[in-house]
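A quick write-up on the structure given underneath.
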Amino acid sequence: MTDDGSVACQDADGPIHLERLTRRGDFLRAARARVAKTRGLVLQAREREAEGAIRVGFTCSKKVGNAVARNRAKRRLREVARLDLPRSARPGWDYVLIGLRERTAMRDFADLRADLASALGRIHR
RNA sequence: GCGGAUGGCCGGGUGGCCGCGCGUCUCCCUUCGGGGGGGAUGCGAGGAAAGUCCGGACUCCAGAAAGCGACGGUGCCGGGUAACGCCCGGGCGGGGCAACCCGACGGAAAGCGCCACAGAGAACAGACCGCCGCCCCCGCGGGGGCGGCAAGGGUGAAACGGUGGAGUAAGAGCCCACCGGGGGGCCGGCAACGGUCCCCGCAUGGCAAGCCCCACCGGGAGCAAUGCCGCAUAGGGGGUCCGCGACGGGCGGCGCUUUCGCCCAGGGCCCCGGGUAGGCAGCUCGAGCCUGUCGGCGACGGCAGGCCCAGAUGAAUGGUCACCCCCCGGGGUUCGCGCCCCGGGGACAGGAUCCGGCUUACAGGUCGUCCGCGCAC
């Protein structure tokens with residue numbers, strides 16, 4: 001992050017398009033594959049195919065809180081994914097980011113990005 | 001100034017950087033029906049979007065009207081409204097010095113039921129203590145018997161009108177005045193109701209949020225409604241009953257009846273499956289919002305002008321940083337107000353077919369109006 005607060009953007013190879021998961025079955029399949037838990041979020045992922053689009057989905061259940069709390073957690077997860085996944089994710093994989101009560105919404109944003117990086121490292125191992 | 005009552009309004013702001021959804025215009029690519037991408041521009045959550053408690057619009061159950069009976073709801077009167085259980089105005093009752101607030105506020109001589117405990121007696125009342133008269137007994141304090149009474153005490157949520165007087169042996173609406181109550185007339189008011197006059201000595205306590213009675217209202221299900229397309233499949237299969245062309249049968253998902261109307265060559269019942277909530281329409285211009293004006297005490301309505309104001313669907317309106325504003329804590333400085341620095345916090349809460357209400361949640365700010373007290377005049 002730069003001094004003026006603007007967010008560094010990955011643009012070396014141009015924008016990498018992220019597809020969005022919308023089918024319930026995709027979420028269930030990702031949940032049965034690999035899981036990494038951090039303080040601010042939980043990451044689930046599966047290798048769908050060798051090549052192809054990076055797909056990402058977000059889950060914030062009623063456990064996260066009321067509608068406002070769920071929306072806020074989901075928006076922060078979406079922002080984290082937008083900033084870092086194009087650079088760190090692997091082609092052909094599906095990722096699901098899961099929000100946690102209080103922690104996803106309250107955690108410092110830089111720490112949340114670090115959580116995602118750490119989770120990705122463990123998932124890809 | 002202090003305390004209180006009440007009605008509105010707002011509910012973070014500005015600026016960087018990076019993003020999102022939808023509409024319109026435009027350009028590019030294309031396996032040109034359509035799909036994908038870029039750019040510009042416009043719009044993009046709430047006062048409660050919430051709870052889903054009422055009332056509607058809309059859609060389907062072919063439809064329409066009426067009656068009876070269930071069932072549910074509403075319940076002082078008048079008005080507003082598309083409608084309401086909402087709102088406004090008024091009445092009555094209760095609370096408060098007051099502003100003002102609160103009220104399931106129809107009917108108890110239609111009927112049934114209930115009134116615990118306490119108490120002598122609790123609904124065609126009743127006599128425990130007590131009061132009074134007469135008689136008897138005794139070591140005159142008192143005790144007993146017969147009768148009269150219901151004022152006082154006591155019980156209770158409630159004791160068969162209340163207060164005062166007259167009256168009496170003591171008493172009692174027995175009588176009188178006032179209050180309360182009942183009946184009738186007149187007056188004011190659309191009405192709820194109020195006022196007043198006459199009569200009645202008082203004759204029927206409470207609970208209707210126990211059943212009930214009366215008046216009025218209500219058909220059911222819901223946008224995952226409903227329609228179209230696509231995919232899948234078997235545009236299903238089996239059993240049984242009635243019927244196969246008529247004065248027969250069926251037709252809103254409470255039942256019955258009547259009238260009109262509609263449908264039928266099949267229909268009713270039971271058993272055995274699969275698939276799925278994919279796309280489009282519904283889907284946002286509406287009992288709409290703003291301004292002015294007129295009518296009305298007001299809720300609200302009329303008229304004129306202007307405006308277009310979310311339409312997502314794993315569900316957009318965000319992420320982050322800085323400054324400002326407010327609050328809290330610590331430190332410095334100052335007699336103190338204040339100022340500066342650091343840290344923390346800024347509510348309740350997110351549309352999902354759309355409106356009108358109600359209810360509940362809510363940091364803080366702001367604008368009125370009114371009342372009481374104190375001070376000044």
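Lettering of chains follows the sequences in order, A, B, ..., and the numbering in each one begins at 1.
If you take atom P in B/G302 and the same atom in B/G314, they sit 43 Å apart, rounded to whole Å. For the C1' atom pair drawn from B/U74 and B/A5, the interatomic distance equals 33 Å after rounding to whole Å.
Closest to the side chain of A/R72, out of B/G319, B/G350, B/G19, is B/G319.
Residues that satisfy the side chain to side chain contact (heavy atoms under 4.5 Å, CB included) test with A/A89, not counting sequence neighbours, are A/I54, A/L85, A/Y95. Residues that satisfy the side chain to side chain donor-acceptor pair (under 3.5 Å) test with A/R107, not counting sequence neighbours, are A/D115. Take A/D84 and apply the side chain to side chain donor-acceptor pair (under 3.5 Å) test, not counting sequence neighbours, and it matches A/R87, A/R113.
Using a 5.5 Å limit on the distance between ring centres and a 30° limit on the angle between planes, the aromatic ring of A/F109 does not count as stacked on the six-membered base ring of B/G319.
B/G188 is paired with B/C193 under the criterion used here, namely a Watson-Crick or G-U wobble arrangement in which both key atom distances are under 3.5 Å. Pair assignment for B/A157 gives none, since no Watson-Crick or G-U wobble pairing has each distance under 3.5 Å. Nucleotide B/G152: paired with B/C129 (Watson-Crick or G-U wobble, both distances less than 3.5 Å). Searching all strands for a Watson-Crick or G-U wobble partner of B/A40 with both distances below 3.5 Å returns B/U24.
Going from atom CG of A/D111 over to atom P of B/G319 covers 17 Å, rounded to whole Å.
Non-hydrogen atoms lying under 4.0 Å from RNA chain B are contributed by nothing in residues 114-121 of chain A. Non-hydrogen atoms lying under 4.0 Å from RNA chain B are contributed by nothing in residues 90-101 of chain A. RNA chain B is contacted by A/F58, A/T59, A/N66, A/A67, A/V68 of residues 58-69 of chain A, taking any non-hydrogen atom closer than 4.0 Å.
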When the side chains of residues 56-70 of chain A are checked against the rest of the protein, which donor-acceptor pairs come out under 3.5 Å, sequence neighbours left out?
residue	atom	partner	partner atom	Å
A/S61	OG	A/K63	N	3.2
A/N66	OD1	A/V68	N	3.2
A/N66	OD1	A/A69	N	3.0
A/R70	NH1	A/G65	O	3.0

Return a table of donor-acceptor pairs under 3.5 angstrom between the side chains of residues 37-47 of chain A and protein atoms on other chains or two or more places apart.
residue	atom	partner	partner atom	Å
A/T38	OG1	A/L41	N	3.2
A/T38	OG1	A/L41	O	2.7
A/R46	NH1	A/D94	OD2	3.1

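Across all strands shown, A/R70 has no heavy atoms under 4.0 Å from either base or sugar-phosphate atoms.
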Test salt bridge (charged side-chain N to carboxylate O under 4.0 Å, His left out) applied to A/E79 and A/R76, step by step: CA-CA 5 Å; A/E79 186 69 5; A/R76 298 191 91 207; over 6 Å; no
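OP1 or OP2 of B/U317 lies within a sub-4.0 Å distance of a side-chain N or O belonging to A/R75.
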